[in-house]
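Working notes, structure below.
Keep in mind the model is a prediction, meaning the values are calculated, not measured. Numbered from 1 within each chain, the chains take letters A, B, ... in sequence-line order.
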Protein chains: 2
Amino acid sequence: MTAAGAQRSLSPTSATAARGPGIADHTTQGFSSGRALRPSAKILPEHARSHNRSLVLQTLYRAGQQSRADIARSTGLTRVTISDLVGEFISEGLIVETGQREDARPGKPATLLDINRSAFQIVGIDLSDYAMFRGALLDLDGGILEHREVTLAGSTGADAAAKVVGLVGELLALATSPILGIGVGSPGVVDFTGTVLSAPNLGWTDVPLQRILLQEFSLPVVVGNDANAAVLAEHSFGGADRDMMLVKVGHGVGAGLLVGGTPLYGSRFAAGEIGHVVVGTDGGLPCVCGKNGCLETWLAAPRLEAALAAARANSASTDDVLAEAGRHLGISLAAIVGALNLAEIVLSGPTHLLDGPLAAATIETLRNRTMAQFHGDLTLRMTTLGEDIVVRGAAVMVLSAQLGVS
Amino acid sequence: MTAAGAQRSLSPTSATAARGPGIADHTTQGFSSGRALRPSAKILPEHARSHNRSLVLQTLYRAGQQSRADIARSTGLTRVTISDLVGEFISEGLIVETGQREDARPGKPATLLDINRSAFQIVGIDLSDYAMFRGALLDLDGGILEHREVTLAGSTGADAAAKVVGLVGELLALATSPILGIGVGSPGVVDFTGTVLSAPNLGWTDVPLQRILLQEFSLPVVVGNDANAAVLAEHSFGGADRDMMLVKVGHGVGAGLLVGGTPLYGSRFAAGEIGHVVVGTDGGLPCVCGKNGCLETWLAAPRLEAALAAARANSASTDDVLAEAGRHLGISLAAIVGALNLAEIVLSGPTHLLDGPLAAATIETLRNRTMAQFHGDLTLRMTTLGEDIVVRGAAVMVLSAQLGVS
DNA sequence: TCATTTTGTTAGTAAACCGTACAAACAAAC
DNA sequence: GTTTGTTTGTACGGTTTACTAACAAAATGA
């Protein structure tokens with residue numbers, strides 16, 4: 001495992017690794033981790049340092065090429081402090097000087113800095129497709145360098161977990177830089193420790209996937225819900241707002257909620273599980289869960305395809321089928337949009353199903369059922385990230401956990 | 001204004017007032033303020049200090065009588081640091097030594113500390129009733145010392161704002177300790193600056209109530225939404241969880257959402273405005289907003305009373321009317337409960353309407369329409385705080401903003 | 001009486017950031 | 001060509017913060 005070796009070799013030369021949550025330290029929880037700090041925890045000066053480290057990285061990550069003085073201005077920290085922090089990062093290899101600024105200005109020319117975007121690579125895994133596991137090797141920008149996948153072929157339980165380990169290993173072998181971490185977006189309910197509490201399609205109950213991967217590869221691992229990963233990807237790469245909802249349609253229906261830039265987990269880590277909430281008061285088809293008229297019976301891809309096939313067989317309008325599905329999605333979302341005062345909804349899933357009459361009916365239903373003035377510019381659109389959304393979201397989870405960047 | 005004078009006289013003798021966000025400083029935003037810290041902000045060591053100050057207060061506020069060593073153990077800070085922080089608070093008058101611990105243990109007997117719960121008083125105002133403004137003078141425990149109210153008599157606009165100022169002035173005159181701050185729970189949409197963007201019943205649009213009161217009284221002021229205030233009160237005094245929803249039924253219907261112990265504001269500060277979301281797909285009565293079948297048409301107190309009167313006139317079952325209203329509340333909440341994975345819902349409003357067939361129908365509908373296993377112990381109950389809920393919540397807003405305590 | 005435990009304080013240390021000052025490098029004005 | 005002013009990045013010293021180590025005070029229990 002050359003990647004892991006290269007990773008570990010960084011630690012001794014790292015200025016911060018010895019004194020706290022440095023980038024190579026995956027046992028402690030960084031201050032700026034995507035997961036919320038417990039309010040009952042003390043804060044020491046070194047936590048402030050860790051936060052400000054992330055702040056510098058975040059600034060460079062977002063705005064790109066900047067000088068130390070630029071960073072000082074935009075963060076509010078002094079040039080002295082920024083120089084100190086940047087010096088640390090340079091010695092760690094995470095920031096590089098990229099030459100001098102060209103434009104003609106008075107004063108000493110600025111030395112431009114940038115995150116060394118090839119310093120590390122990330123492995124992102126998507127377990128949400130019911131027929132295969134997708135994986136990718138990504139750079140720090142979230143760009144995909146390599147794709148790999150493995151067919152599930154009906155595997156469940158330990159077999160499925162073994163296939164995850166195999167896929168991760170395959171991708172690690174392709175790495176040409178040290179690995180920042182491994183991110184996994186899993187269907188079902190996933191807790192803070194990266195244990196999959198429940199994933200019916202995979203036959204998983206209380207599978208400690210994060211711990212399994214950590215023991216196998218000795219690299220930082222983050223395991224989260226697939227829809228939460230997707231919403232993070234949309235936020236980081238899709239230009240989405242800090243408050244939004246992503247509805248993910250596939251074999252089932254799930255959602256990820258972003259509130260103030262951080263995912264919402266819920267009291268039992270089951271936030272976003274809207275697939276089995278009953279829609280409306282006009283009955284509906286029976287669902288695998290035992291109820292009638294769940295959102296999944298209207299919207300899940302297999303159910304929609306079947307309804308479309310039936311319509312075609314009867315020479316009925318397929319657009320009407322899609323619009324009816326969209327209308328029921330709108331009915332379900334209306335209460336959520338109202339309660340959370342959402343301004344942006346993103347759909348992820350098969351474009352030929354979602355992007356058209358379905359989306360149009362959804363937004364119309366939402367406008368008719370909520371107070372327009374509170375949601376004046378309520379938008380609903382397809383994701384621009386296509387099938388890579390979860391894999392890239394898994395990479396965002398790693399970036400957030402290891403560098404505090406998103 | 002003796003209260004304001006007493007308040008200001010504290011500042012010069014305060015050890016911290018001169019060096020940062022002390023308790024008497026209402027111009028700066030405390031680190032532990034109830035409102036979320038922008039992630040793009042730097043953190044300095046003094047912010048850590050401010051956070052740890054709040055941590056000490058929070059510990060004492062919750063657990064009561066404790067020694068310095070007790071606080072050190074429960075916060076993780078050292079006894080030295082706790083002694084230092086406590087020393088500051090004692091010199092500010094906010095913490096007092098209350099004698100020695102009595103129980104027989106080896107070692108030097110502990111000196112017990114407690115928050116000086118009579119050191120400050122709080123003014124809480126509730127603008128949510130459409131016929132009157134309620135106000136109260138409270139101690140630091142949220143206990144009510146004095147009640148005052150003023151009838152609205154149809155006042156709107158500037159008249160209504162003047163009545164708020166008058167009510168606050170009346171309560172300040174009753175104060176026997178320095179005033180920690182003034183909290184106001186207003187109906188409608190309220191932004192971060194305490195400006196009421198929209199409150200139709202009061203005829204308010206963009207009324208900077210927080211600024212008006214600050215200029216009038218020169219005391220810390222927090223203005224927030226009434227349902228958000230209520231949910232904070234339920235969290236602090238009603239024993240509610242850190243993740244919950246409070247549905248407030250009165251002249252209209254609103255909700256406050258608590259996520260991880262902090263209120264949810266939404267993209268346009270209109271989170272919780274569920275009164276005008278259309279329920280179900282079985283039509284419904286026309287609403288003042290122009291739509292049909294809004295939640296308010298089923299649940300608002302005047303509408304419910306009218307429906308009950310009609311049922312009594314027809315010798316029909318009033319329980320059926322209440323159950324039908326509860327069923328529609330359940331339909332609305334189902335999607336929200338599923339999306340947010342809520343475990344606790346609290347109702348606030350007229351007990352004779354809500355507590356009975358209505359609540360029973362709501363919880364039954366919720367159980368039938370959501371995935372039970374995600375919400376195994378989903379509870380729905382009435383608030384225990386009665387009509388004082390908003391006034392006490394307004395006090396919590398002040399405690400949170402000024403002391404970081406909740 | 002003496003060892004042990006617990007509390008709270010004193011003294012010294014390390015980390016983190018700030019303000020001031022300064023040299024280097026450049027543009028623009030004279 | 002020189003001077004002036006601007007901007008950048010660094011060096012130094014100082015303040016704030018919380019920590020460790022050590023200790024006196026005050027109790028219990030053998």
Side-chain angles (χ1 to χ4, degrees), chain A residues 15-22 31 41-56 65-91 95 97-113, chain B residues 15-22 31 41-56 65-91 95 97-113:
Chain A
T16 52
R19 71 156 178 267
F31 177 76
K42 61 180 174 180
I43 291 192
L44 306 181
E46 69 219 55
H47 296 131
R49 177 75 165 187
S50 170
H51 175 94
N52 290 336
R53 273 174 61 97
S54 293
L55 192 55
V56 168
Q65 296 253 323
Q66 275 186 298
S67 71
R68 291 169 174 84
D70 293 332
I71 299 172
R73 274 187 292 269
S74 70
T75 59
L77 294 162
T78 60
R79 292 199 307 273
V80 179
T81 302
I82 296 298
S83 273
D84 188 33
L85 289 166
V86 166
E88 270 183 27
F89 283 126
I90 287 178
S91 77
I95 286 184
E97 299 190 335
T98 61
Q100 296 202 331
R101 181 173 277 148
E102 294 296 331
D103 59 344
R105 289 198 298 183
K108 177 177 170 179
T111 314
L112 291 175
L113 305 168
Chain B
T16 52
R19 70 156 179 266
F31 178 76
K42 61 182 174 180
I43 291 192
L44 306 181
E46 69 218 56
H47 295 130
R49 177 76 165 186
S50 169
H51 174 94
N52 290 337
R53 272 175 62 97
S54 293
L55 191 56
V56 168
Q65 297 252 323
Q66 275 186 299
S67 71
R68 292 169 176 82
D70 293 331
I71 299 172
R73 274 186 292 269
S74 71
T75 59
L77 294 162
T78 60
R79 292 198 309 270
V80 179
T81 302
I82 296 297
S83 275
D84 189 32
L85 289 167
V86 166
E88 270 182 27
F89 283 126
I90 287 179
S91 77
I95 287 183
E97 298 191 336
T98 59
Q100 296 203 332
R101 181 174 277 148
E102 293 295 330
D103 59 345
R105 291 198 298 184
K108 175 177 171 179
T111 313
L112 290 175
L113 305 169

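- The side chain of B:Thr81 contributes no N or O atom lying less than 4.0 Å from OP1 or OP2 of D:dT17.
- Computed from coordinates, the B:Ile71 CD1 to C:dT7 P distance equals 12 Å when rounded to whole Å.
- Distance CG/B:Leu85 to CG/B:Leu55: 9.0 Å, rounded to 0.5 Å.
- The two residues B:Lys42 and A:Asn52 make their nearest non-hydrogen contact at CA-OD1, 3.6 Å.
- Looking at which nucleotide of DNA chain D each of A:Pro45 and A:Ser83 is closest to, the 5′-most match is held by A:Ser83.
- Note on A:Arg53 versus A:Glu46: no salt bridge recorded, every NZ/NE/NH1/NH2 to OD/OE distance being 4.0 Å or above.
- The nearest whole Å value for the distance from the NE2 atom in A:His47 to the P atom in D:dT16 is 22 Å.
- The CZ atom of A:Arg49 sits 15 Å away from the C1' atom of D:dT16 (whole-angstrom rounding).
- Heavy atoms only, all atoms of each residue included: B:Leu113 and B:Ser67 are closest at CD1-C, 4.4 Å.
- Nucleic acid contact class of A:Ile82 (heavy atoms, under 4.0 Å, all strands): none.
- A:Asn52 has no side-chain polar atom (N or O) that falls below the 4.0 Å cut-off from OP1 or OP2 of C:dA16.
- To the nearest angstrom, C1' of C:dA11 lies 14 Å from CG of B:Asp84.
- For B:Thr78, no side-chain nitrogen or oxygen approaches OP1 or OP2 of D:dA18 to under 4.0 Å.
- The CD-C1' distance, from B:Glu46 to D:dA18, rounds to 15 Å in whole Å.
- When all heavy atoms of B:Arg68 and B:Ile82 are compared, the pair lying nearest together is O-CG2, 3.6 Å.
- B:Arg101 comes within contact range of no nucleotide atom at all, as no heavy-atom separation falls under 4.0 Å.
- Nearest-nucleotide positions on DNA chain C for B:Asp70 and A:Leu85 put B:Asp70 closer to the 5' end.
- A side-chain hydrogen bond (donor to acceptor under 3.5 Å, both in side chains) check over residues 76-86 of chain A, counting only residues at least two apart or in different chains, returns the pairs A:Arg49-A:Asp84, A:Thr78-A:Thr81.
- A pairwise comparison of heavy atoms in B:His51 and A:Ala41 identifies NE2-O, 2.7 Å as the closest pair.
- Rounded to whole Å, atom P of C:dT7 lies 10 Å from atom CG of B:Asp103.
- Distance CD (B:Glu97) to C1' (C:dT7): 12 Å, rounded to an integer number of Å.
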*Would you give a per-nucleotide map of nucleotides 22-30 of chain D, 5' to 3', where B means the base has a protein non-hydrogen atom under 4.0 Å away, S means only the sugar-phosphate does, and - means neither?*
---BBBS--
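- When the P atom of D:dT16 is taken as reference, atom CG of A:Leu44 falls 19 Å away, rounded to whole Å.
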